[in-house]
Amino acid sequence: MGFFSKLASSLKKTKDKIADTFSRVFSIDRIGEEFYDELLDALVSSDLSVNFAMEIVDELRETMIEGSVKDKDFVVQTLKDTLIEKCSDAGEFEVEYPTVIMMVGVNGVGKTTTIGKLANYYKQKGKTVTLCAADTFRAAASDQLTEWANRSDVRIIKHSEGADPSAVVFDAITSAKAKGTDVLIIDTAGRLHVKSNLMEELKKMSRVVEREYPEAQFLKLIVLDATTGQNASSQVETFDNAIGLDGVVLTKLDGTAKGGFVLSMLSENCVPVAYVGVGEKLGDLEEFNLEEFVDGLF
Amino acid sequence: MANVFSGLSEKLNHVFTKLTKRGTLTELEIKQAMREIRIALLEADVNLLVAKDFVNKVSEKALGQAVLKSLSPTQQVIKIVSEELTELMGSTNSKLLVSSELPTVIMMCGLQGAGKTTLSGKLALHLKKSGKKPLLCACDIYRPAAINQLKVVGSQAGVEVYEEGVKNPVTIAKNAVKYAKQYGFDTVIVDTAGRLHIDEELMQELIDISSEVKPTEILLTVDSMTGQDAVNVAKSFNEKLEITGCVLTKLDGDTRGGACLSVKAVTGKPIKFASVGEKLQDLEPFYPDRMAKRILGMGDVLSLIEKAQEVVTEEDARKLEKKMKENSFTLEDFLEQFEMVKKMGGVGDIMNMLPGMGMGKLKGVKVGEVDEKRIERQKAIICSMTKKERRDPSLLNYSRKNRIASGSGTTVQEINQLLKQFDQTKQLMKQFKGGKKRLPFM
Ligand SMILES: Nc1nc2c(ncn2[C@@H]2O[C@H](COP(=O)(O)OP(=O)(O)OP(=O)(O)O)[C@@H](O)[C@H]2O)c(=O)[nH]1
Ligand SMILES: [Mg+2]
C-alpha cells in the first residue's frame, strides 16, 4: 500500500469542509487584520494549537507584503512551507535493536490497538516481538492485548488483573533478554496526565526498564487521538516532563478529525511523530510523513 | 494555552484600559473584546463556527449596554458571556427518561475510545442505587475483549450482563430485552461498539438495533477532550439516530471542555451527565453554569466549594466565616488552609478548580508532586515570619523578606508569590462575603 495512501483518501473526505473554511479566508481580498484573523481561525479549525497558529500567522505576516491577495496558491504554498520549516527540526524517529517501546497516553486513545498493529509491523520486518501487558488496571485489558498477540502470533507476558505493572515489566524484560527478542512493546493503562500518582507509577515502570535493560534502546511513545483538541499539548507536556517522550503516534486519522496539534508538538517539543493509525485492522498503521500531512490539511 | 484564566481577564482589562467614564461600551471596544473571547473559546475547543455565532450574539447584547457601577467592564463582559454560555448549554437535566412499557432501553453510542463501556457500568450502578433493576447488554462484538470488559464492569457494579459472544448485535439486543422482560429487569443498558460517524455500515447497524429495541434514551458519549471535530461527530450521530442526550466523559482531566458547547449547539439535545473518573461512582449530573466557567477558564469555584464542604467540618467553616466577616483573615489562617487542602485530598484536583490556578498555570509542572512541595515551602515561609508580620503582611519590606527567605531556605520571589496568592484568596473571599455561598476551603 502506498505511503499514506489511506490517510490521503480519508483526509480528502474533509477537504470540502476545509476548502470551505479557507474560502472564507480568500473571500477577503486585502491582506490585513481581517485576513489574518480568518486565517488564524482556519488553522485552529484543524485543531492546531492556538498559540502555534498565532505564531504561524505572525510569521506569515512578516513574509507577506500588505496588499491584495492576488495569488491564492502563493499564499497557501507560503503557509505550507512555513509550517514545514517550523516542524522539520524534530528529526526522524529511528529504531535500533534490541528496543523497548513503552506506549503511554490518556484513556481510550488507541494504545493497545497500536501495539497490536506494531507487533505485526515489526514482525513483517523480520523482527522478533514480545508484548508486555502492563495495563493491569482496566477491566479485561490483558485479554485485549492477548487477542492482538494471537493475531500476529507473537509472545505476550502478563500477570493477573490488579498486579503491580512494574513487576510485569520486570518479568517481560527478563523474558525478552532470555529469548533475545528484538522488540519488546509495553502496554500501559490509560491515565489522565493530571493524576500525579498515576504519573508516578509510570516513572517507576520507566526506571525498571532503564535499570534492568540498559543495553536496549528505550523509546517512550505517546499515543494521541486525532479527535483531540487543544488538550493534546497539555498531554504531551505532562507526559514528557514525567518520563521524557521519544515520539508520538497519532491515531484515528481515518475519521474526519485532522490532528493538526501534532504540528506544534513537532515544533515546540521537538518530539517526532513516529506512526499514524488509520483504522482498526492489523495493517492500519503507517509511518508519518510531514509534507504529506501538511498537504492533507489544506 | 498558558494562563488561560488570567489570560482572558487580563486581555479584556487591556482592551478596556482606554475606557473612560463615557458610560457605555463602544463598538470598537466590544469588537476587540469579542476577538479575545473568540480566541478564548477556540482555546477551549469550542467549534469555530459555533464560537463565531456565539460571539455575534453576545456582542449584540453587550453593545450599548450601560456600564454598571458595581462591575468593571471586564467583569461585565465576562458576566454576559458566562450567562449566555450557561443558557446555551441548557438547564440541569440529568433525569433519564423512563418508558411506560418496561423495560426501558438505554442505548449508548459514540466514537471509539470515548468511554462507553465504563459509562454503561456507571449508569448501571447509578440506576441500581436509585432502586432500579438494570441489565447490561454486550453488543460490542468488534473490539477484542470488549465483552469481557463489560462483564468485569458489570460484576463491579453488581449488575448482570447479558451476552451471546460474537453474534449479530441486533439479535443480541433483541434477546436481551426479551430476557429482561422474563426476569423482571426494568432497564436495559445496551453497550455498543465505538464507531466512526462516517462508517456507513456500522452506523446502519446502530439504526437497526435502534429500530429493533426502540430505546427510550439514545445517549451519545462524547470525550470532553474532543476538538473541532465534535460538531461533525455529533451532527452525524444525531441525524442518523436522533439521540436523546449526551454524556461528557473524562472531565477529570484539565480540558476546558468546549466540545460540549459544540455538541449542544448542533444537536440541541441535553447533556445529561458528566463522567469524572475511572471509578464506577464517578458520575455526576451536568451543571451548565460550572461548565460555562470552566470553558472560560474561570475555575470551577462552585465545584470546589462543594467538595470542600464535604471534607471540612462545620466548625472550621464557622471559624473562618467569622474571620472573613471581621476581615481578619491572616497568613496564619492561610497556613491552616493548607492543612485543609491536604485533608481534601489531591492538591492537583483542587488547584485545577481554582480560578487562575487551573490548567495553564500548572502546565509543565508536575501537578501533585511539585505543589505538595510548594506548599511545604510556603508553610516554611509563613513559619519564618514574626507574629506581627503574619497578621500584617504589609510590614514586609525588602530586608524583612530577605530575612524570611534565608530563614526558610526560600527566595524573595517565592515570598512575593505567596503574598500574591494570599491577596487573591482574600479577594475571592470578599466576593463570597455577604452571599449565601460558602468559601472555597470552607
Ligand atoms: N477508527 C479508528 N479506531 C481506532 C484506531 N486506533 C484505535 N482505535 C479504536 O479505539 C478504541 C480504543 O482503543 P484501545 O487500543 O483500546 O485504546 P487504549 O488507549 O488502549 O485504551 P485504554 O487502555 O482503555 O486507555 C478501540 O475501539 C479501537 O479499535 C484508529 O486508528 N482508527
Ligand atoms: Mg489499552
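The sequence lines fix the lettering, A, B, ..., with proteins before strands; numbering per chain opens at 1.
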Whether the side chain of [X] engages the backbone of [Y] through a donor-acceptor N/O pair (distance < 3.5 Å, no angle test) should be reported.
{"X": "A:Asp143", "Y": "B:Ala145", "result": "no"}
{"X": "A:Lys252", "Y": "B:Gln112", "result": "yes"}
{"X": "B:Asp45", "Y": "A:Gln230", "result": "yes"}

Check your understanding: How would you list, by chain and number, every residue that makes a side-chain hydrogen bond (donor to acceptor under 3.5 Å, both in side chains) with A:Asp37, sequence neighbours excluded?
Key ->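 Listed in chain order: B:Arg35.
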Review point. What's the spacing between B:Asp252 CG and A:Asn107 CG if we round to 0.5 Å?
Key: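 Answer for the CG-CG pair, B:Asp252 versus A:Asn107, is 7.5 Å.
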Check your understanding: Between atom CE of B:Met225 and atom OG of A:Ser234, what is the distance when rounded to the nearest 0.5 Å?
Key ->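 Reported to 0.5 Å precision, the distance equals 10.0 Å.
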Given heavy-atom pairs under 4.5 angstrom as the criterion, report whether the side chain, backbone, both or neither of [X] touches chain A.
{"X": "B:Lys52", "result": "side chain"}
{"X": "B:Leu111", "result": "side chain"}
{"X": "B:Leu49", "result": "side chain"}

Point to revise | Heavy-atom pair count under 4.5 Å with chain B, highest-scoring of A:Leu40, A:Thr228, A:Val106 | key: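 Max contact count across the listed options: A:Thr228.
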Practice item. Return the option, out of A:Ser142, A:Ala140, A:Ala53, with the maximum number of heavy-atom pairs under 4.5 Å with chain B. Key: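 Ranked by heavy-atom pairs under 4.5 Å with chain B, first place is A:Ala140.
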Practice item. Sort A:Val109 into side chain, backbone, both or neither according to what part of it lies under 4.5 angstrom from a heavy atom of chain B. Key: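 Nothing of A:Val109, per the 4.5 Å heavy-atom cut-off to chain B.
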Practice item. Could I get the full list of ring-ring contact (aromatic ring centres under 6.0 Å, His included) partners for A:Phe137, not counting sequence neighbours? Key: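 ring-ring contact (aromatic ring centres under 6.0 Å, His included) list for A:Phe137, sorted by chain: empty.
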Check your understanding: Cut-off 3.5 Å, side chains only: do B:Asp229 and A:Thr256 have a donor facing an acceptor?
Key ->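 The answer is yes; a qualifying pair exists.
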